[in-house]
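Quick notes on the structure that follows.
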Amino acid sequence: MRASAAPTPPRLTRADGSPVRVLVVDDEAQLAELLSMALRYEGWQVETAGSGADAVRVARELRPDAVVLDIMLPDLDGLEVLRRLRADDPEIPVLFLTARDAVEDRVAGLTAGGDDYVTKPFSLEEVVARCRALMRRTAVVASGTSSVLAVGDLTLDEDAHEVRRGGEEITLTATEFELLRYLMRNPRRVLSKTQILDRVWHYDFGGQANVVELYVSYLRKKIDAGREPMIHTVRGAGYVLKPPAG
């Protein structure tokens, strides 16, 4: 059996070429681990903390390039953690996570100096994308490669959110775009429904594998209609995207 293709190399690194460093702060251990896995998949170095006090301590040791920070923690709240982090590093980008979505909570987080805000539940892809955007915006990283993914005659521009096949533009919904991006980052690699759910839908979606089948069918109608198919079903294993034969 041929080995699967190597994953796409990370596009963002520190200025010296070393991996980007991210601190994930959340007292929900399962969520913190899922976020860490998604961020490590980007090739980044990730550390976690389950309390505000731990977050401040780990940040001083790690000197992260970005922090993903839950606003509700068992000791210090996220706003106080942010104040302490900014006392050590005034420029550090911070993405707030919260289960609360009231306008006053958003205003409080951003007024306190948070750079962005995501309300639970969220998709792992969204958090990764926002972290990437924060680090680019604050110029803490260098871009290693183009933002355009290409497999055969199919291209996806991650920054412009544009998809083309054979030069023809294809309009996708946000979820279809994230699904296609995941497939294109792993060309010729069979991805299980569970893997796709974890990466494209938020962490507590409920394991409804039929939603994957549904969105794969949507993508096929847009990507493969009237063309040589690129999205294939591997019975009992999952889905794979590969360039047309010949």
Side-chain angles (χ1 to χ4, degrees), residues 1-11 24 28-44 46 48 120-129 131-132 145 147-158 161-166 168 170-246:
M1 181 182 296
R2 177 182 292 180
S4 60
T8 304
R11 295 189 300 110
V24 174
E28 296 180 54
Q30 183 180 12
L31 174 55
E33 181 56 29
L34 284 169
L35 285 166
S36 298
M37 288 173 59
L39 296 169
R40 288 188 184 111
Y41 182 83
E42 300 295 309
W44 302 345
V46 184
T48 62
K120 299 177 183 178
F122 46 75
S123 75
L124 296 175
E125 280 286 347
E126 179 183 11
V127 174
V128 171
C131 283
R132 190 186 300 118
T145 63
S147 67
V148 177
L149 303 176
V151 179
D153 63 349
L154 180 65
T155 61
L156 180 149
D157 189 321
E158 295 183 289
H161 273 238
E162 290 180 353
V163 175
R164 295 178 183 275
R165 183 156 184 201
E168 179 183 341
I170 298 170
T171 302
L172 301 180
T173 66
T175 301
E176 291 166 352
F177 183 89
E178 296 300 342
L179 174 56
L180 181 61
R181 171 156 59 180
Y182 185 41
L183 292 170
M184 291 185 69
R185 282 188 173 183
N186 296 274
R188 296 187 174 88
R189 177 183 171 191
V190 178
L191 301 170
S192 70
K193 292 177 182 177
T194 300
Q195 286 175 306
I196 293 171
L197 275 173
D198 285 345
R199 288 290 291 172
V200 179
W201 281 268
H202 54 74
Y203 67 98
D204 62 352
F205 191 81
Q208 310 237 351
N210 62 327
V211 77
V212 177
E213 298 173 10
L214 183 63
Y215 273 86
V216 167
S217 73
Y218 292 161
L219 263 189
R220 280 181 167 143
K221 289 174 183 175
K222 295 183 177 183
I223 300 299
D224 289 343
R227 305 178 177 96
E228 188 75 20
M230 295 183 69
I231 302 171
H232 303 270
T233 301
V234 180
R235 192 170 298 278
Y239 301 97
V240 61
L241 182 142
K242 53 189 178 182

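All heavy atoms count here, side chains included; hydrogens, waters and symmetry mates do not. All values reported here derive from a predicted model rather than from experimental measurement.
Smallest separation of non-hydrogen atoms from Met184 and Leu156: SD-CB, 3.7 Å. The shortest non-hydrogen separation linking Gly238 to Val190 is N-CG1, 4.1 Å. Heavy-atom minimum distance, Ser36 versus Thr48: OG-CG2, 3.0 Å. The two residues Phe122 and Leu35 have their closest heavy-atom pair at CE1-CD2, 3.9 Å. Between Pro187 and Val151, the shortest heavy-atom contact is CB-CG2, 4.0 Å. Among all heavy-atom pairs drawn from Tyr215 and Thr173, the shortest one is CE2-OG1, 4.4 Å.
Among pairs with a residue in residues 225-238, those fulfilling side chain to side chain donor-acceptor pair (under 3.5 Å) read Glu168-Arg227, Arg220-Thr233, at least two apart in sequence or across chains.
Using bins of under 30°, 30° to 60° and over 60° for the plane-to-plane angle, the ring pair Phe177/His161 lands in the parallel bin.
The only member of Val212, Leu219, Leu214 that meets side chain to side chain contact (heavy atoms under 4.5 Å, CB included) when paired with Val216 is Val212.
We find that Arg185 and Glu42 are joined by a salt bridge, their nearest charged nitrogen and carboxylate oxygen being less than 4.0 Å apart.
The CG atom of Leu154 lies 6.5 Å from the CD1 atom of Ile170; values are rounded to the nearest 0.5 Å. Rounding to the nearest 0.5 Å gives a distance of 9.5 Å between CG of Leu172 and CG of Leu179. Atom CG of Leu183 sits about 6.0 Å away from atom CD1 of Ile231, to the nearest 0.5 Å. Atom OH of Tyr239 sits about 13.0 Å away from atom CD of Gln195, to the nearest 0.5 Å. One finds the CD1 atom of Ile223 at 8.5 Å from the CG atom of Leu241 (value rounded to the nearest 0.5 Å).
With sequence neighbours excluded, the residues forming a salt bridge (Lys or Arg N to Asp or Glu O under 4.0 Å) with Asp224 are Arg165, listed by chain and number.
Around the NZ atom of Lys222, the shell of radius 6.0 Å holds more than 12 heavy atoms that belong to other residues, nucleotides or ligands.
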